[in-house]
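Below: the structure, in structure tokens.
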2 protein chains.
Amino acid sequence: MIESDIKIPTTRNAITTFNMIIEAALEKFYEGGYHGTTIQAITQHAGVAAGTFYLYFPSKMSLYKHILITLSHNIRKEIASKVALKETRLEKEREGIKAFVQYVQQNPQMYNVIWESLYIDRGLFKEYYESFARRYVKGLSHAQAQGEIDTLDVEVTAYVLMGITNFIGLKVLLDLGENNEDLEHIIDSVMMLLERGLFTRK
Amino acid sequence: MIESDIKIPTTRNAITTFNMIIEAALEKFYEGGYHGTTIQAITQHAGVAAGTFYLYFPSKMSLYKHILITLSHNIRKEIASKVALKETRLEKEREGIKAFVQYVQQNPQMYNVIWESLYIDRGLFKEYYESFARRYVKGLSHAQAQGEIDTLDVEVTAYVLMGITNFIGLKVLLDLGENNEDLEHIIDSVMMLLERGLFTRK
DNA sequence: TCATAAACTGAACCATTATTCATGATTATA
DNA sequence: TATAATCATGAATAATGGTTCAGTTTATGA
């Protein structure tokens with residue numbers, strides 16, 4: 001395991017400190033990115049001394065990886081639990097998009113942390129999207145076996161759907177374009193496209 | 001203009017040097033990202049001394065911005081010219097995806113440079129996607145007026161299509177998942193989805 | 001051919017910052 | 001209460017890397 005070198009504390013106070021450092025790091029990484037954030041800035045924001053950082057993390061890098069892994073666990077769990085409540089693939093798809101966008105809104109640091117891995121550790125970046133896709137493919141294959149979705153290449157479809165979800169999330173998070181307040185309307189539009197296709201029928 | 005502080009040279013040799021620095025920077029930024037790349041590394045790779053860099057660029061940052069702007073100009077021009085050759089919106093859409101993915105394959109530094117702007121200058125990142133979307137919206141609105149595409153929210157649709165294109169590009173570039181050799185097959189799958197929708201019809 | 005400008009050099013400067021460590025405070029245990 | 005173990009400090013260290021500049025080479029054109 002990558003994070004085996006992190007000393008996860010057991011006593012009450014130490015756990016608080018540990019978590020405060022992570023919280024502070026999330027905020028700072030969001031603001032300035034990995035390289036734009038100093039240990040001083042993190043620890044200062046967490047209200048501890050610089051040296052305290054190294055009681056828990058052997059390096060700045062290990063903190064970053066720990067955060068990346070935690071975030072990706074969380075979002076996957078979040079989406080999976082919400083999607084599981086729905087019956088049809090159509091409903092699952094709608095719920096998945098919604099859960100993702102809401103998670104992003106509540107954890108705006110996500111894109112920064114995950115995308116930055118492209119420059120920090122390309123393996124982690126690939127692993128994140130590939131394992132996300134793998135789970136997606138499973139769900140789509142199942143739906144295909146049930147006759148719910150068309151006979152498409154499920155892997156390509158998984159990346160298409162991930163692309164849609166990610167860019168809608170980005171639009172809402174960074175307020176790209178207009179009308180980002182009404183999430184239901186946005187999702188309605190996306191679902192209409194997935195239901196009918198883009199083009200008019202003759 | 002942002003890059004007005006760059007001294008673009010006029011004499012033959014100086015232009016060569018200028019371009020060699022940019023080429024080297026592209027390669028190094030791709031390998032290690034902005035922060036992971038030193039001026040020393042860039043100039044060494046370009047075969048010039050460190051000081052030479054500052055004859056043309058006032059700072060490392062100005063080089064990055066110059067590259068970002070150049071890349072985004074180029075890809076837009078590339079896509080626009082190819083899409084213009086096609087008649088129907090369906091053909092234009094197919095051509096657009098293809099042009100994008102091919103551009104990405106030939107300029108693999110693109111994602112690194114553009115996405116990294118999220119940590120370097122969030123305004124540039126937003127500007128890039130918003131202006132990309134604006135052009136897309138124009139095309140879609142036109143197609144809608146012609147009755148070629150459904151009555152969808154064109155802005156949301158633009159981000160959906162950009163998301164699809166970007167993630168297919170990412171899949172091919174980073175070789176995520178399998179079967180990334182056959183680009184035509186991938187594009188066929190995407191287009192089928194856009195034509196028919198995702199779900200089977202009762 | 002020679003003078004002037006343009007292009008280039010790379011060692012030195014200086015600011016930044018990840019990490020260490022000697023020391024002190026706090027908490028748990030016997 | 002004594003003693004060990006844990007937790008915390010923050011100044012010092014050491015390395016890195018963007019930028020400068022005084023000097024050298026190359027090109028130009030009269």
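A note on names: the letters A, B, ... follow the listed sequences, proteins ahead of strands, and every chain is numbered from 1.
Under the rule for a ring-ring contact (aromatic ring centres under 6.0 Å, His included), the partners of A:Phe57 that lie at least two apart in sequence or sit in another chain are A:Phe18, A:Phe53. Residues satisfying the side chain to side chain donor-acceptor pair (under 3.5 Å) criterion with A:Lys98, sequence neighbours excluded, are A:Glu184. With sequence neighbours excluded, no residue forms a side chain to side chain donor-acceptor pair (under 3.5 Å) with B:Arg135.
When atom types are taken as modelled, the side chain of B:Tyr111 and the backbone of A:Leu118 share no donor-acceptor pair closer than 3.5 angstrom. A donor-acceptor pair under 3.5 Å links the side-chain atoms of B:Ser131 to the main chain of B:Glu127, judged by distance alone.
Counting only heavy atoms from C-beta outward, the side chains of B:Asn179 and A:Val156 never approach each other to under 4.5 Å. Proximity of B:Glu116 to B:Tyr64: side-chain heavy atoms (C-beta onward) are separated by under 4.5 Å at one or more points.
Looking at heavy-atom distances under 4.0 Å, A:Thr43 makes no contact with the nucleic acid at all. Residue contacts shown for A:Phe57 are absent, as no nucleic acid heavy atom lies under 4.0 Å away.
The separation between A:His35 atom NE2 and C:dA18 atom P is 10 Å, rounded to whole Å. The distance from atom CG of A:Leu55 to atom P of C:dT26 is 16 Å, rounded to the nearest whole Å. If you take OH of A:Tyr64 and C1' of C:dA18, they are 18 Å apart, rounded to a whole angstrom. Rounded to a whole Å, the CD1 atom of A:Ile8 is 17 Å from the C1' atom of D:dC7.
For the contact set between residues 11-31 of chain A and DNA chain D, defined by any heavy atom under 4.0 Å, the members are A:Thr11, A:Ala14, A:Thr17.
Salt-bridge check for A:Lys171 with B:Glu155: passed, with a basic side-chain N closer than 4.0 Å to an acidic carboxylate O.
Cation-pi check for B:Arg122 over A:Tyr30 is met; the charged atom lies under 6.0 angstrom from the ring centroid and within 45 degrees of its normal.
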**Message:** Test side chain to side chain donor-acceptor pair (under 3.5 Å) on A:Thr88 and A:Glu91; report intermediate values, then the result.
**Reply:** CA-CA 5 Å; A:Thr88 69; A:Glu91 287 174 310; 3.2 Å; yes
Sub-3.5 Å pairs of nitrogen or oxygen atoms, protein against nucleotides 19-21 of chain D:
{"unit_1": "D:dT19", "atom_1": "OP2", "unit_2": "B:Tyr54", "atom_2": "OH", "d": "2.9"}
{"unit_1": "D:dT19", "atom_1": "OP2", "unit_2": "B:Lys60", "atom_2": "N", "d": "3.0"}
{"unit_1": "D:dT19", "atom_1": "O5'", "unit_2": "B:Tyr54", "atom_2": "OH", "d": "3.4"}

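Of the candidates D:dC7, C:dT9, D:dG18, D:dC7 carries the atom nearest the A:Tyr56 side chain, counting heavy atoms from C-beta on.
The overall bend of the helix from C:dT1-D:dA30 to C:dA30-D:dT1, read as the angle between its terminal helix axes built from five base pairs each, is 10° when rounded to 10 degrees.
Centroid-to-centroid, the aromatic rings of B:Tyr159 and A:Phe167 stay 6.0 Å apart or farther.
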